[in-house]
**Student:** 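I'd like to ask some things about the structure below.
Just so it is clear: chains get the letters A, B, ... in the order the sequence lines come, proteins before strands, and each one is counted from 1.
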2 protein chains.
Amino acid sequence: MKARILFSGGKDSSLSALLLESFFDVELVTCTFSLAPVVEIAAEVAAKLGFKHSAIEMDMSVLDEAFQLILDDGYPRHAINHIHLEALEKVASLSPGCVIADGIRRDDIAPRPDQSSLRSIEDRFGVFCVSPLLGYGRAAVNDLVNRYLVIEEDLSDRLDKADYETELRQLIRDRCGDEKVKEIFPEHIQSRVISRK
Amino acid sequence: MKARILFSGGKDSSLSALLLESFFDVELVTCTFSLAPVVEIAAEVAAKLGFKHSAIEMDMSVLDEAFQLILDDGYPRHAINHIHLEALEKVASLSPGCVIADGIRRDDIAPRPDQSSLRSIEDRFGVFCVSPLLGYGRAAVNDLVNRYLVIEEDLSDRLDKADYETELRQLIRDRCGDEKVKEIFPEHIQSRVISRK
């Protein structure tokens with residue numbers, strides 16, 4: 001069975017791929033709004049890990065809706081969740097009979113799709129939504145990452161990654177300026193995967 | 001790193017072991033109150049799967065507390081959850097530095113330990129609590145089981161299994177009679193693992 005994993009080039013989605021590769025035919029998929037070079041970044045990491053990789057173009061209206069959510073809220077949680085669910089649905093619609101996986105961990109707050117949304121996607125598109133890391137806490141994930149992956153880490157505004165935050169930041173920067181980005185997104189450490197160990 | 005998996009001989013804890021065996025030194029552990037021959041049942045399945053297996057004797061006061069919970073509630077959810085958390089804690093206390101895993105799935109209602117209880121066990125005993133199947137829905141689990149395991153299924157009162165329910169049923173039968181068992185536990189299909197495919 002094929003497993004298509006939503007892939008950002010970060011340690012969580014990379015580790016999800018490693019956990020699934022013994023059981024499924026893994027292919028990494030990066031969803032993009034073409035506002036930032038996220039596909040190139042993700043494709044490079046995917047190649048280093050030795051996985052097939054493809055890009056899926058998302059409808060710009062999804063990012064617009066996320067932009068509105070984030071401006072209304074003043075924080076990114078619901079916006080990131082909205083994009084993630086739309087990405088799952090988009091990939092599911094193109095992948096009947098497949099596992100659609102992501103890199104969500106036990107401690108993640110966003111994205112964090114609720115069970116009923118996942119069941120709805122599974123039922124409507126005949127897919128299996130799987131989060132291989134959902135039952136792993138931060139320390140267990142870090143242990144596996146340290147044993148199986150070489151990563152680089154830096155502050156989130158200095159590390160190019162292929163996640164939704166990158167393109168959402170870009171849209172906010174284009175429309176509202178850099179100050180608004182700093183106001184909305186707390187500074188945090190991001191990771192990018194270099195290779196397998 | 002060693003992963004000790006709470007093992008009932010059922011498909012979920014068996015599948016958890018298969019998911020972890022590429023990444024950890026897996027050992028199966030069955031917690032028992034010695035009210036039913038659960039250790040023998042679990043040890044037989046563990047041997048068929050090719051895993052090390054051990055038994056851990058639980059304090060009878062835990063089953064007594066569960067008995068009181070289930071009589072007060074009239075349904076098994078909180079009682080099963082109580083035994084599971086106590087079992088995680090007992091195994092954690094004997095396994096510093098290890099992963100302590102279980103077979104809980106996305107759709108399970110009980111046992112279903114909350115995040116703060118898991119973090120508390122992790123912090124107090126220096127372990128990593130992991131539920132490898134927590135991000136898998138029923139259909140995805142069934143697909144993996146069908147591909148990797150030979151199982152037998154039967155109604156829950158006819159299949160001997162090495163789970164908490166077996167011993168809790170036995171205690172209720174001993175103290176209150178068979179009718180009380182039927183009143184509290186809804187009839188449902190249980191599985192037992194025969195071998196790998």
Side-chain angles (χ1 to χ4, degrees), chain A residues 1-3 5-6 12-13 15-16 18-25 88 97-109 111-123 125-149 197, chain B residues 1-3 5-6 12-13 15-16 18-25 88 97-109 111-123 125-149 197:
Chain A
M1 183 186 282
K2 188 181 278 189
I5 304 178
L6 301 190
D12 295 338
S13 52
L15 187 56
S16 284
L18 267 55
L19 290 181
L20 292 185
E21 69 180 332
S22 301
F23 302 92
F24 301 97
D25 175 21
L88 280 176
C98 293
V99 163
I100 314 297
D102 59 31
I104 297 174
R105 292 178 290 113
R106 188 183 80 191
D107 307 303
D108 281 337
I109 294 165
R112 186 78 177 197
D114 58 299
Q115 275 208 41
S116 55
S117 299
L118 295 176
R119 286 209 194 103
S120 165
I121 291 172
E122 290 177 330
D123 291 347
F125 299 107
V127 298
F128 309 99
C129 293
V130 169
S131 301
L133 289 178
L134 194 65
Y136 292 72
R138 187 184 308 271
V141 168
N142 287 344
D143 170 77
L144 284 167
V145 166
N146 289 338
R147 286 197 283 139
Y148 292 99
L149 294 170
K197 264 190 181 160
Chain B
M1 183 186 281
K2 187 182 280 190
I5 304 179
L6 301 190
D12 295 338
S13 53
L15 187 56
S16 283
L18 267 55
L19 290 181
L20 293 185
E21 69 181 332
S22 301
F23 302 92
F24 300 97
D25 174 20
L88 279 175
C98 293
V99 163
I100 313 297
D102 58 31
I104 297 175
R105 295 178 289 113
R106 189 183 78 191
D107 307 302
D108 282 337
I109 294 165
R112 186 82 177 193
D114 58 301
Q115 275 207 42
S116 55
S117 299
L118 295 176
R119 285 210 194 103
S120 166
I121 291 172
E122 290 177 330
D123 291 347
F125 299 106
V127 298
F128 309 99
C129 293
V130 169
S131 301
L133 290 178
L134 194 65
Y136 291 73
R138 185 184 309 271
V141 168
N142 287 344
D143 170 77
L144 285 166
V145 166
N146 289 337
R147 286 197 283 139
Y148 292 98
L149 294 170
K197 264 190 179 159

**Student:** Less than 4.5 Å to any heavy atom of chain A: does that hold for the side chain of B:D143, its backbone, both, or neither?
**Tutor:** side chain
**Student:** Within the 4.5 Å heavy-atom criterion, are A:E122 and B:R138 side-chain neighbours or not?
**Tutor:** no
**Student:** What residues form a side chain to side chain contact (heavy atoms under 4.5 Å, CB included) with B:N146, not counting sequence neighbours?
**Tutor:** none
**Student:** Rounded to the nearest 0.5 Å, what separation is found between the OH atom of A:Y136 and the SG atom of B:C129?
**Tutor:** 12.5 Å
**Student:** For the residue pair B:R106 and A:V130, establish whether any side-chain heavy-atom pair is separated by less than 4.5 Å.
**Tutor:** no
**Student:** Could you pull out the closest heavy-atom pair between A:F128 and B:A139, with the gap in Å?
**Tutor:** CE2-CB, 3.3 Å
**Student:** Taking A:F23's backbone N and O only, do any of them form a donor-acceptor pair with B:R147's side chain (distance below 3.5 Å, no angle check)?
**Tutor:** yes
**Student:** Given B:L144 and A:F24, is the side-chain contact (heavy atoms from CB on, under 4.5 Å) satisfied, shown in steps?
**Tutor:** CA-CA 10 Å; B:L144 285 166; A:F24 301 97; 3.7 Å; yes
**Student:** Look at B:L19, B:L118, B:I104 and state which one has the largest set of heavy-atom pairs under 4.5 Å with chain A.
**Tutor:** B:L19
**Student:** Side chain from CB out, backbone as N, CA, C, O: work out which of these in B:L133 comes under 4.5 Å of a heavy atom of chain A, or both, or neither.
**Tutor:** neither
